[in-house]
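This report concerns only the one structure given below.
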Amino acid sequence: MKKIQARRTNMKTLLLKNKIEVIGGGVGAVLGLAYWYFVGCSSGTCAITSNPYISTAYGAITGALMVGIFKDNKK
């Protein structure tokens with residue numbers, strides 16, 4: 001039971017420490033899914049936009065990286 005509580009505490013600490021990247025990833029995921037839905041790929045041969053899962057994951061990673069650029073790493 002202590003291991004589970006320790007993992008939860010570690011996960012909370014990790015999420016709070018990187019909350020700006022988590023928010024950016026969430027926004028990017030929504031935008032990636034919206035891009036797939038509204039633009040997409042009609043032929044099915046597009047690598048990113050032909051699959052909603054890939055488009056959402058790509059958007060989440062891009063969003064987290066874009067927001068992470070502006071994070072101040074000073075301690």
Side-chain angles (χ1 to χ4, degrees):
M1 189 68 166
K2 286 187 177 183
K3 286 184 178 181
I4 294 173
Q5 289 176 341
R7 286 183 184 166
R8 285 183 184 164
T9 303
N10 290 341
M11 184 60 73
K12 284 182 184 179
T13 304
L14 182 69
L15 288 175
L16 289 174
K17 190 175 181 182
N18 299 312
K19 64 183 170 185
I20 193 81
E21 284 89 354
V22 172
I23 293 169
V27 171
V30 170
L31 291 175
L33 185 63
Y35 187 83
W36 169 80
Y37 184 77
F38 292 112
V39 178
C41 181
S42 59
S43 65
T45 59
C46 307
I48 295 172
T49 58
S50 63
N51 188 338
Y53 299 112
I54 295 172
S55 180
T56 303
Y58 187 79
I61 291 169
T62 304
L65 289 174
M66 291 296 291
V67 172
I69 291 172
F70 301 107
K71 186 175 181 181
D72 188 17
N73 289 329
K74 294 181 183 177
K75 289 185 178 182

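If you're wondering where the values come from, they're calculated on a predicted model, not measured in any experiment. Only heavy atoms go into these numbers, but all of them, side chains included; no hydrogens, no water, no symmetry mates. When a residue number appears, it is its place in the shown sequence, counting from 1.
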Nearest heavy-atom neighbours spanning C41 and T45:
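Distance-wise, the nearest heavy atoms are SG-N, 3.9 Å.
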
Would you name the heavy atoms of Y35 and T49 that are closest together and state the gap between them?
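Taking every non-hydrogen atom into account, CE2-CG2, 3.2 Å.
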
Straight-line distance of I23 CD1 to N18 CG, nearest 0.5 Å:
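Rounded to the nearest 0.5 Å, the CD1-CG separation comes out at 11.0 Å.
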
Rounded to the nearest 0.5 Å, what separation is found between the CD atom of E21 and the CG atom of L14?
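Between E21 CD and L14 CG, I get 9.5 Å after rounding to 0.5 Å.
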
Connected via hydrophobic side-chain network under 4.5 Å: M11 and V22:
yes

Set of side chain to side chain contact (heavy atoms under 4.5 Å, CB included) partners for I20, sequence neighbours left out:
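Listed in chain order: V67, K71.
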
Would you be so kind as to tabulate the donor-acceptor pairs closer than 3.5 Å made by side chains of residues 51-65, with sequence neighbours excluded?
from, atom 1, to, atom 2, distance (Å)
N51, OD1, Y53, N, 3.1
S55, OG, G32, O, 2.6
T56, OG1, P52, O, 2.7
T62, OG1, Y58, O, 2.7

